[in-house]
Amino acid sequence: MNNATTRFKSPRVGLVLLVLVAAVLAYQQLGNPLKSQPYGNSDKAAVPTPVSFAVTQPLPQTVHLDVRKVTLGQQLFHDARLSKDNTISCASCHSLDSGGVDNRARSIGVAGGVGSINAPSVFNSGLNFVQFWDGRAASLEDQVEGPVTHPLEMASSWALVLDKLGADTTYKSRFGTLYADGLTPANIKDALAQFERSLITPNSRFDKFIQGNVNALTLEERTGYELFQSYGCASCHQGQNLGGNMFEKMGLMGDYFADRGNLTEADKGRFNVTHHPDNLHEFRVPSLRNVALTAPYFHDASAATLEQAIAIMAKYQLGRPMPAPDLTAIAAFLRSLNGQYNGQQL
């Protein structure tokens, strides 16, 4: 079955069509919210089109959570006792000081174990519709199970974690206060998930732009956003998180994996979960929030820079050349997506 047929039969087409219809309706109602500016000096350059603000929304300023559980989850997130030898915490691979990632192609676990896939950012992960690149976890709570027990990551067990945390009278007291059944694996997962849901990064310059401040972006960045839409990037990267809300096949318009070579089990993507041929090489579309801080890119870390990542997407997802000025403008737009965490610019 060819890629075009696969995509036509996929239920994600409904989401893409819905986004496009919403964009058209918004434009009809609002008119052009941004006067288009031509950019680029190539006759192959895409012509910037009037942007629609219907395809994405600003991040919320706050998320309503139990502050006590968030604080407990924050402590757990940085606690290396979740790992077998007390050397690896959640923050080891998802540093809040570097975009919610470790900027490695593969994260390092207990005893030097090397992971099989590039760690995604923990920032704004509560807005993802599923967790992990292959979507095997339906929630942040389910996601916790993976790294804690994975032999190349924390390499621990819940029995061992409960023994260590149970010996800490502070943990025992806090869990006893917040949860009727005290310290349990389910409650550890809940507290960690509560903290991770608090990791939103609002107030990017792009958020200010779509909230009405047209001067929040430079001319090049505004043009980059126009091109981001006119090339079709927004068909997968939309919503509050500019992604994270659908699956897509890596290599819609070209055989990315054949060209790259050296296939791994992780390259199978969602197929490893469903074992359905249509899901081969499908991955959860990543969020583009704070993307300038989270190199290297893609599940296989094959792109070291934003510009390389955009070029790969243009070739294998859009199936069209992208002149250098357009690529540079889109990269400039993406760099405007860095938000704030706890009031501090990332």
Side-chain angles (χ1 to χ4, degrees), residues 59-102 107 109-110 119-132 135-150 153-203 240-241 244 287 289 339-344 346:
L59 289 174
Q61 292 291 322
T62 58
V63 180
H64 298 292
L65 301 165
D66 186 325
V67 176
R68 299 170 303 167
K69 290 182 178 180
V70 169
T71 302
L72 176 58
Q74 181 177 20
Q75 184 175 351
L76 289 165
F77 188 83
H78 292 89
D79 197 329
R81 286 177 290 183
L82 292 181
S83 66
K84 180 179 180 180
D85 62 358
N86 303 329
T87 61
I88 302 294
S89 70
C90 302
S92 298
C93 302
H94 300 283
S95 172
L96 304 186
D97 296 324
S98 58
V101 298
D102 57 8
S107 297
V110 164
S121 176
V122 71
F123 279 126
N124 306 302
S125 57
L127 299 176
N128 293 332
F129 83 125
V130 291
Q131 304 300 322
F132 295 119
R136 65 184 181 276
S139 68
L140 285 171
E141 288 84 356
D142 292 341
Q143 183 272 337
V144 173
E145 184 77 27
V148 170
T149 60
H150 196 289
E153 297 183 39
M154 292 182 169
S156 193
S157 68
W158 287 112
L160 181 58
V161 170
L162 290 177
D163 282 346
K164 288 191 284 187
L165 299 188
D168 185 321
T169 56
T170 300
Y171 268 133
K172 210 169 181 183
S173 173
R174 293 176 71 185
F175 272 97
T177 299
L178 294 174
Y179 298 95
D181 49 352
L183 180 64
T184 68
N187 294 339
I188 292 172
K189 294 176 185 179
D190 179 75
L192 279 166
Q194 293 293 313
F195 172 64
E196 289 169 352
R197 289 190 179 96
S198 77
L199 298 176
I200 56 170
T201 60
N203 299 323
Q240 283 185 318
N241 226 10
S287 165
R289 294 287 182 175
Q340 297 177 356
Y341 175 56
N342 286 340
Q344 298 297 313
L346 293 175

Looking only at heavy atoms, which two atoms of Ser83 and Ser156 are closest? And how far apart? C-CB, 4.0 Å
Measure from the side-chain N and O atoms of Ser95 to the backbone N and O of Ala91, and report whether any donor-acceptor pair falls under 3.5 Å. no
From Asn86 atom CG to Met154 atom CE, the distance as rounded to the nearest 0.5 Å: 11.0 Å
Check side chain to side chain donor-acceptor pair (under 3.5 Å) between Lys69 and all other residues, then give those that pass, not counting sequence neighbours. none
Is Val144 close to Asp190 at the side-chain level, that is, under 4.5 Å between some pair of heavy atoms? no
Strictly by salt bridge (Lys or Arg N to Asp or Glu O under 4.0 Å), give each pair with a member in residues 81-96 just once, sequence neighbours left out. Asp79-Arg81, Arg81-Asp168
Do Leu192 and Leu82 touch side chain to side chain, with heavy atoms closer than 4.5 Å? yes
OG1 (Thr184) and CH2 (Trp158) are apart, to the nearest 0.5 Å, by 9.0 Å
According to side chain to side chain donor-acceptor pair (under 3.5 Å), who are the partners of Ser287, at least two apart in sequence or on a separate chain? Asn241
What is the distance from atom OG of Ser198 to atom CG of Asp66, rounded to the nearest 0.5 Å? 11.5 Å
Looking only at heavy atoms, which two atoms of Ala119 and Cys93 are closest? And how far apart? CB-O, 4.3 Å
Does the Thr71 side chain pair with the main chain of Val67, one donor and one acceptor, at a distance under 3.5 Å? yes
Can you list the steps and then say if Asn124 with Leu59 is a side chain to side chain contact (heavy atoms under 4.5 Å, CB included)? CA-CA 9 Å; Asn124 306 302; Leu59 289 174; 3.5 Å; yes
Are Ser92 and Asp102 linked by a side-chain donor-acceptor pair shorter than 3.5 Å? no
I'd like to check Leu96 versus His78 (side-chain heavy atoms, cut-off strictly below 4.5 Å). Are they in contact? yes
Results of side chain to side chain donor-acceptor pair (under 3.5 Å) for Glu141 - residues two or more places apart only: Ser139, Arg197
With rounding to the nearest 0.5 Å, note down the distance linking CG in Leu346 to OH in Tyr341. 9.5 Å
Pairs meeting criterion ring pair (Phe, Tyr, Trp, His ring centres under 6.0 Å) with involvement of residues 164-199, two or more places apart: Phe77-Phe195, Phe175-Tyr179
Are the side chain of Arg289 and the backbone of Gln240 linked by a donor-acceptor contact shorter than 3.5 Å? yes
Among residues at least two apart in sequence or on other chains, which ones pass side chain to side chain donor-acceptor pair (under 3.5 Å) with Asp181? Asn187
Looking only at heavy atoms, which two atoms of Val70 and Gln194 are closest? And how far apart? CG2-O, 3.7 Å
Closest non-hydrogen contact found for Leu162 with Pro185 is CD1-CD, 3.8 Å
Any chance you could measure Leu72, atom CG, to Leu178, atom CG, to the nearest 0.5 Å? 6.0 Å
Residues that Gln61 engages under side-chain contact (heavy atoms from CB on, under 4.5 Å), provided they are two or more places apart: Pro202, Asn203
Test salt bridge (charged side-chain N to carboxylate O under 4.0 Å, His left out) applied to Lys164 - qualifying residues, sequence neighbours left out: none
Val101: side-chain contact (heavy atoms from CB on, under 4.5 Å) partners, not counting sequence neighbours: Asn103, Ser121, Thr294
So, using side-chain contact (heavy atoms from CB on, under 4.5 Å) as the criterion, who are the partners of Gln131 when residues are at least two apart? Ser125, Asn128, Ala137, Leu140, Gln143, Arg284
Among pairs that include at least one residue of residues 87-100, which meet salt bridge (Lys or Arg N to Asp or Glu O under 4.0 Å), considering only residues two or more places apart or in two chains? none
Supply the atom-to-atom distance Gln75 CD to Leu165 CG, rounded to the nearest 0.5 angstrom. 9.0 Å
